[in-house]
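Scroll down for the structure; my scribbles are underneath it.
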2 protein chains.
Amino acid sequence: MNKRIADLNRYLADKGLKITRQREAVAQVFFDTDGHISAEELYVKVSRSYPGVGLTTVYRTLKLLKEAGLAKERRFAEDSQGVFEKEDTARHHDHLICIRCGKIVEFKEPLIEKLQDEVAQRHGFSVEDHKMELYGLCSSCRTA
Amino acid sequence: MNKRIADLNRYLADKGLKITRQREAVAQVFFDTDGHISAEELYVKVSRSYPGVGLTTVYRTLKLLKEAGLAKERRFAEDSQGVFEKEDTARHHDHLICIRCGKIVEFKEPLIEKLQDEVAQRHGFSVEDHKMELYGLCSSCRTA
DNA sequence: TGAGAACATGATAATCAATTTCAATTACCG
DNA sequence: CGGTAATTGAAATTGATTATCATGTTCTCA
């Protein structure tokens, strides 16, 4: 059915972990979600289709998905809870966030990544990952 | 004595807030600290020179310092603890973080900021602030 | 200068997301 | 199938941060 579910199952098998109803339910709903979702929100969504899955299990499954490289955790505002999004390594992106309405736009800028590598090299670092968030006003909020 | 303490006192006066022993103690120790420090760490440090200042007050003072534009709060990786650093608006910088030893190097790259503005403009955004963190291995950890 | 009003303090309690615990349940290897 | 190790979910716990509140301090203005 789903390539990503298969990826997860392969990861579980490799680690000697088990494929359970709950894990498949959480993963399925997560993979069907676009954009960002918190553990709490995902829990509510999963409960609708597959009642009886606990919040604890949602947290645990998200952790597994991260370990398997299938999900990525983000933390936008400095006070909020973590949110998760599908990891698509082929399409790494950064975020543009409106400080008034909260709108989030994803973008990718290879030139910036190239410069990041250069800067890191200058300091003797190799870059494994990065996080870049631009905070500002979107067009609607600017004219309003 | 200290220009920054004066800045803080001016801010407090403007807001109708009061200059207290505790606020000066926390601010003084904070301004004497280079790099990043958590509220808890600052509390310990303050307690050595000025015993009897509560953790609650350290949190409250750091919040004031942020509001006054004299401190900046950061949250690296997915660590749940926020850290603070002196804000020197004339020298905004980003961070290079070693994922093995935790070493943090600050850097500034005007070219990247120029590109950020361009990307934002393309999406109708104005940029007010940004956060960029590069995660990788420092030279010592790479060769170890 | 001194009294009063407003603000600040600090111990403790409360919050909130996230993790741990643990007894009961389930997957899966042979 | 049977046994064992992994998994589950409810509840308890953690860890960082914030709110509460009675008491103490600062600062204004007469």
Side-chain angles (χ1 to χ4, degrees), chain A residues 5 8-30 36-47 49-68 71-84, chain B residues 5 8-30 36-47 49-68 71-84:
Chain A
I5 292 287
L8 173 61
N9 289 348
R10 202 171 310 123
Y11 176 80
L12 292 173
D14 273 11
K15 293 272 177 181
L17 304 177
K18 292 169 183 171
I19 297 169
T20 66
R21 249 175 292 118
Q22 292 92 330
R23 281 176 181 165
E24 288 209 323
V26 174
Q28 190 61 67
V29 174
F30 176 70
H36 313 88
I37 192 166
S38 70
E40 202 84 35
E41 287 163 351
L42 184 56
Y43 167 65
V44 171
K45 225 174 155 190
V46 169
S47 296
S49 320
Y50 309 86
V53 173
L55 177 57
T56 310
T57 296
V58 172
Y59 271 106
R60 281 192 283 230
T61 305
L62 282 169
K63 197 176 185 182
L64 276 176
L65 289 170
K66 269 201 301 185
E67 287 165 20
K72 190 148 189 117
E73 186 172 4
R74 307 260 181 192
R75 205 173 285 269
F76 292 121
E78 82 248 327
D79 54 328
S80 69
Q81 58 183 338
V83 290
F84 298 81
Chain B
I5 293 287
L8 172 60
N9 289 348
R10 202 170 312 124
Y11 175 82
L12 292 174
D14 273 9
K15 293 272 177 180
L17 304 177
K18 292 168 182 169
I19 297 168
T20 66
R21 248 174 292 117
Q22 292 92 331
R23 281 178 180 163
E24 288 208 325
V26 174
Q28 191 59 68
V29 175
F30 176 70
H36 312 87
I37 192 167
S38 69
E40 201 84 33
E41 287 162 352
L42 183 56
Y43 168 64
V44 171
K45 225 174 155 188
V46 169
S47 296
S49 320
Y50 309 87
V53 173
L55 176 57
T56 310
T57 295
V58 172
Y59 271 105
R60 280 191 284 231
T61 305
L62 282 169
K63 196 175 184 182
L64 276 176
L65 289 170
K66 269 201 301 183
E67 286 165 20
K72 191 150 188 114
E73 185 171 6
R74 307 261 183 191
R75 204 171 285 269
F76 294 118
E78 300 133 17
D79 278 351
S80 47
Q81 192 174 39
V83 291
F84 298 79

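Values below: all heavy atoms of this structure, side chains included; hydrogens, waters and symmetry mates excluded. Residue numbering restarts at 1 for every chain, and letters A, B, ... go by the order of the sequence lines.
- For C:dT9, the OP1/OP2 oxygens have no side-chain nitrogen or oxygen of B:Thr56 closer than 4.0 Å.
- With rounding to whole Å, B:Leu64 atom CG is found 13 Å from C:dC7 atom P.
- With rounding to whole Å, B:Glu24 atom CD is found 14 Å from D:dT25 atom C1'.
- Rounded to an integer number of Å, the gap from B:Lys63 NZ to C:dA8 P is 12 Å.
- Side-chain contact between A:Val46 and A:Gln28: absent, with no pair of heavy atoms (C-beta onward) separated by less than 4.5 Å.
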Please walk me through it: do B:Phe30 and B:Thr61 pass side-chain contact (heavy atoms from CB on, under 4.5 Å)?
-> CA-CA 10 Å; B:Phe30 176 70; B:Thr61 305; over 6 Å; no

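- When the C1' atom of D:dA16 is taken as reference, atom CG of B:Leu42 falls 15 Å away, rounded to whole Å.
- Both B:Leu17 and B:Phe84 lie close to DNA chain D; mapped to their nearest nucleotides by heavy-atom distance, the more 5′-ward contact belongs to B:Phe84.
- Residues B:Arg23 and B:Leu17 meet the side-chain proximity criterion, which asks for heavy atoms closer than 4.5 Å.
- Between B:Arg60 and D:dT20 there is no side-chain polar atom (N or O) within less than 4.0 angstrom of OP1 or OP2.
- Within the structure, every side-chain polar atom (N or O) of B:Tyr59 is placed at least 4.0 Å from both OP1 and OP2 of D:dT18.
- Within 4.0 Å of A:Thr20, counting heavy atoms only, lie sugar-phosphate atoms of the nucleic acid but no base atom.
- With rounding to whole Å, B:Tyr50 atom OH is found 18 Å from C:dA8 atom C1'.
- A close approach under 4.0 Å does occur between a side-chain nitrogen or oxygen of A:Arg21 and OP1 or OP2 of C:dA27.
- When heavy atoms are screened at a 4.0 angstrom cut-off, A:Leu55 is found touching no nucleic acid atom at all.
- The A:Gln81 side chain lies nearest to C:dA18 when the options are C:dG10, C:dA18, D:dT17.
- Closest to the side chain of B:Lys18, from the set D:dA10, D:dC27, D:dA6, is D:dC27.
- For the pair A:Leu62 CG and C:dT19 C1', the computed distance is 14 Å after rounding to whole Å.
- Using a 4.5 Å heavy-atom cutoff, the side chains of A:Val29 and A:Tyr50 are in contact.
- Atom-to-atom, CG of A:Asp14 to P of C:dC28 comes out at 14 Å; the value is rounded to the nearest Å.
- Residue B:Arg75 contributes atom CZ, which lies 13 Å from atom C1' of C:dA18 at whole-angstrom precision.
- When the side-chain nitrogen and oxygen atoms of A:Arg23 are compared with OP1 and OP2 of D:dT7, one or more of them lie within a distance under 4.0 Å.
- Annotation: of the two residues near DNA chain C, A:Gln22 and A:Ala39, the 5′-most nearest-nucleotide partner is A:Ala39.
- Here the closest heavy-atom approach between residue B:Arg75 and residue A:Arg75 is recorded as CD-CD, 3.8 Å.
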